[in-house]
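Written out below as structure tokens is the structure these notes cover.
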Amino acid sequence: MAELVLNHVYKDYKLENKSKFTALTDINLSFEKGELVSIIGESGSGKSTLMNLIGGLDSDYTGEIKIDGADLKSFKDKQLDDYRKKKIGFVFQSFNLIPHLSVIDNVTIALTLSNVKESVKRERAMELLTKLGLKDHAKKKPTQLSGGQKQRVAIARALINNPDIILADEPTGALDSETTLQILDILKSIADNENKLVIMVTHSEKVAKISSRIVEISDGKVIHDEQKSDYIKSEKKEKLLACYDIESKDLNNSKKKKEGHLSIFSALKLSFQNMWASKTKNILMAVGVSISLIALILMLSLGSGLTGYIDSLAQDYSNPNYVTISKSGYDRDGNELEDNGNFMVPRMFEDEEIEEVASDINSYLQTEGSDFQIITSGEGQNLTYGFSCPTIGIGTSTISTIPAVDEETELPEEVKTENIMYAYTTPPYYTEDNLIAGSMSGDGEIMLSSAVIDFLGYKTAEEMFANDNKPTVQLYINMTYDGVRIEINKTVQISGIVDVSVFSGMMVMYLDYDFLDACVMEAQENVDVEPTGLSPSLLFIETDGKNTTDMINYYIDTYRRDLSGSIEEQLASMFSEMMSTFSIALAIISGISLFVALIMILVVLYMSVSERTKEIGVLKSIGARKKDIKMIFSTESLLIGLLSGIVGILLTLIIGAILIGVFTALIGFAPLSMNWYYFAIALLISIVISVIAGVYPASKAAKLDPVESLRRE
Ligand code: ADP
Ligand code: MG
């Protein structure tokens, strides 16, 4: 029985306008083992078309092609892949070696697709390469070889699976006459010594002459078929594929075993080799993708950093048993008051306003069924006064505060105006627990934040109060109060240092309300004004617990737009407002950039598929399944995701460290809390978007028509 038989084979190419072009007409041929067949004919006569049909690359024909009696038409996809992998070896005119793989990896690629053990692959490949005179070139890349060497590598690749049929489409077309002879010698020996069927397409008369049979095709028809009676077999040489004779039994056995396929490990290795070949492109892309990951990690870190910061603010400054009320700078309808822009002016409560606020809240509490009532004076009084104002100026020998400065205010020479200071009357819930050192202030005393320690020439807070000493400073207040200029100039003692936690970089002064009240009264007397004393800018309500505190705060927030919580609470709400705007902005930015990253990966992979069309064609001609091609491209997108993730993490660590340094230097703390799981999330997202981006290019690659891919120049 003949090895390969073609009966009435017709091949039509469908053209765009629904017409067709008949490339092969009624081909009837029969080939035996050991034949060296030359197919000759003019360009466009249908030689390559015939080779593609025989090679199982093109199944769109009519008629019969029989291999060892089995009809190729009846083969399922899987059998056809196997047929290409095991039965056929392709050799092309333009070599079609995979450029980023070494010689040995090119030769073993068909075995890789069958998941053959590494040591077996190497052994077989080295044996072939040695016999083809390429022993010393195994580690080279194809670009480092001459044309003849490349074609010998291609022949080794075609032979690695010990196929029965070698199809060579113009194998010497790109070679000079000397190397042409070398290659012909090898092909001839494959036919003569290994008893294989070698079919080669050629233009050259000389090449055709050395073959055992010449088939001439013209316009898709066989016009001449001649067996050469004067064919001289080449001398018996050592077999190229000696290793297969010993193993042939094993090979038969392995057919019964489950067939090996491209392993994920090999696919990863192939992808890695391809990515390595275009390192710069891939690293640049990874940097591009990583920008979105950096935005994502920083967004999450900033979110939790600020939340933590606000929590600490709230914990440090609010007491669940107290409501702090100040004027908001708006009226009850939410219209801005005239002086709202000037934060230097304390907004003070008149006595009637205090009563109004108290009774308004009391009636709300009553309707809500609460037992708690605000008592503004007398027995059970639970409303106390406070005063707060930004002030400027602190001198080395004097502590001077100037609330409500206007243009006329002249500062004493020793006052440094670049230091902004905040002055508070001590909140009623402050205790020794709020102090770093010293004791609570009384009459003639003030407390300061730790930023002042260094300023006054001390190293530590403890040092300031060593041996029960209390340093004295000059308290200098020069302000326009109720339209009248008053001046306070008093020697006071520093009684303690207050822990202002996150504000530790700011200079803050605390003093007793009664003491400040007495100072103002004295100053008013000095300028012959009726001594009214201090009016409060803060009201503290001591409640019966957190529930009532929350109820009152809720009422103020919702119904009293003219009032607001303490400065600290305002700060906290300002921060959380800022943070939510900021995180929404960052979420949008990182969302968009993740999408851009996805598109970018998709484009790069898509381009990679176009660039590697030929390689895909070669892999298919070697017997790669659609699945294998898909796996190679999917693993590549996985690796891109991994690489981008790692680059993103590294860059975030660097940028994060810089940001923390800058924030700490500027505001004394860094609102960034970088948790390890943010990095894990970013890595995961990076891998997920890359894999998603890879789905389309990978399936496009898998669907490529091998015949078209190979025709591509
Ligand atoms: P050869 O290898 O002998 O030079 P081919 O087998 O490549 O010729 O092509 C035979 C004929 O079929 C040519 O006329 C060519 O233009 C035509 N042909 C090849 N491939 C296609 C195709 N995909 N679509 C339409 N026509 C094709
Ligand atoms: Mg051709």
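These values consider heavy atoms only, across backbone and side chains, with no hydrogens, waters or symmetry-generated copies.
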Parallel, tilted or perpendicular, as decided by the 30° and 60° cut-offs, for the rings of Phe75 and Tyr83: perpendicular

Asn115 (side chain) donor-acceptor with Leu262 (main chain) under 3.5 angstrom: no

Pair Arg625 + Asp77: basic N to acidic O under 4.0 Å: no

Closest non-hydrogen atom pair, Leu24 against Gly46: CD2-O, 3.5 Å

Short side-chain donor-acceptor distance under 3.5 Å, Asn274 and His100: yes

Crowding at NZ, Lys140 (>12 non-hydrogen neighbours, <6.0 Å): yes

Chi angles and distances behind the side chain to side chain contact (heavy atoms under 4.5 Å, CB included) call for Leu197, Ile166: CA-CA 6 Å; Leu197 169 59; Ile166 301 290; over 6 Å; no

Beyond-backbone contact of Ile640 with Ser644, side-chain heavy atoms, under 4.5 angstrom: yes

Between Ser266 and Ser263: side-chain donor-acceptor atoms closer than 3.5 Å: yes

Close side-chain approach of Met674 to Leu300, heavy-atom, < 4.5 Å: no

Ile109 side chain near Arg157 side chain, heavy-atom distance below 4.5 Å: yes

Heavy-atom pair with the smallest gap, counting every atom of Ser686 and Ser690: O-OG, 2.7 Å

His137 side chain reached by Leu145 side chain, heavy atoms, under 4.5 Å: yes

pair Phe679-Leu684: side-chain heavy atoms closer than 4.5 Å: no

Lys66 side, atom NZ; Asp71 side, atom CG - distance, nearest 0.5 Å: 6.5 Å

Crowding at NZ, Lys73 (>12 non-hydrogen neighbours, <6.0 Å): yes

Close side-chain approach of Leu80 and Ser59, heavy atoms under 4.5 Å: yes

Lys87 with Asp82: basic N within carboxylate O range, under 4.0 Å: no

N-O pairing of Arg711 and Glu708 below 4.0 Å: no

Results of salt bridge (Lys or Arg N to Asp or Glu O under 4.0 Å) for Lys139 - residues two or more places apart only: none

What pairs of donor and acceptor atoms, side-chain ones from residues 658-666 against any protein atom, are under 3.5 angstrom apart with sequence neighbours left out?
| from | atom 1 | to | atom 2 | distance (Å) |
| --- | --- | --- | --- | --- |
| Thr664 | OG1 | Ile660 | O | 2.5 |

Test log, rule side chain to side chain contact (heavy atoms under 4.5 Å, CB included), inputs Lys20 and Leu15: CA-CA 5 Å; Lys20 55 187 187 180; Leu15 300 179; 5.7 Å; no

salt_bridge(Lys131, Glu127) N-O dist < 4.0 Å: yes

Test: Asp705 and Lys620 ion pair at under 4.0 Å: no

Distance, nearest 0.5 Å, that separates CG of Leu159 from CD1 of Ile190: 4.0 Å

Heavy-atom pair of closest approach, residues Ser304 and Asn675: OG-ND2, 4.3 Å

Validation row: Ile685, Leu296 side chains within 4.5 angstrom (heavy atoms): yes

Intermediate values then yes/no, side chain to side chain contact (heavy atoms under 4.5 Å, CB included), Leu638 and Leu268: CA-CA 9 Å; Leu638 186 100; Leu268 277 168; 4.2 Å; yes

Check: Leu101 main-chain N/O paired with Asp105 side-chain donor or acceptor under 3.5 Å: no

CA sep, side-chain torsions, deciding dist, call: Gln149, Ser146, side chain to side chain donor-acceptor pair (under 3.5 Å): CA-CA 5 Å; Gln149 288 170 328; Ser146 71; 3.3 Å; yes

Under 3.5 Å: donor-acceptor pair, side chain of Lys703, backbone of Ala698: no

Closest non-hydrogen atom pair, Asn162 against Lys196: OD1-NZ, 2.7 Å

Chi angles and distances behind the side chain to side chain contact (heavy atoms under 4.5 Å, CB included) call for Lys614, Ser94: CA-CA 11 Å; Lys614 205 130 205 200; Ser94 48; 3.6 Å; yes

Atom of Leu72, atom of Ile54 and distance for their closest heavy-atom approach: CD2-O, 4.1 Å

Lys76 atom NZ: more than 12 heavy-atom contacts under 6.0 Å: no

Separation of Ile655 CD1 from Ile291 CD1 (nearest 0.5 Å): 8.5 Å

Distance, nearest 0.5 Å, that separates CG of Asn96 from CD of Gln151: 9.0 Å

CG on Asn52 to NZ on Lys47, rounded to 0.5 Å: 12.5 Å

Criterion side chain to side chain donor-acceptor pair (under 3.5 Å) on Thr22 and Tyr13, from CA distance to verdict: CA-CA 6 Å; Thr22 304; Tyr13 284 113; over 6 Å; no

Under 3.5 Å donor-acceptor, Ser74 side chain and Ala70 backbone: no

Short side-chain to backbone donor-acceptor contact, Asn106 and Leu97, under 3.5 Å: no

Backbone N/O of Leu111 and side chain of Thr108: donor-acceptor pair under 3.5 Å: no

Heavy-atom pair of closest approach, residues Met51 and Ile199: CE-O, 3.3 Å

Validation row: Leu53, Val9 side chains within 4.5 angstrom (heavy atoms): yes

Output field: ring centroids Phe92/Phe90 closer than 6.0 Å: yes

Stepwise salt bridge (charged side-chain N to carboxylate O under 4.0 Å, His left out) check, Lys11 with Asp58: CA-CA 10 Å; Lys11 165 70 193 175; Asp58 186 354; 3.0 Å; yes

Side-chain H-bond candidate by donor/acceptor type, Ser102 with Lys141, under 3.5 Å: no

Under 3.5 Å donor-acceptor, Asn161 side chain and Lys85 backbone: yes

Arg612 with Glu636: basic N within carboxylate O range, under 4.0 Å: yes

Sole candidate of Gln79, Arg84, Lys78 that passes side chain to side chain donor-acceptor pair (under 3.5 Å) when paired with Asp81: Arg84

Straight-line distance of Ile632 CD1 to Lys630 NZ, nearest 0.5 Å: 13.0 Å

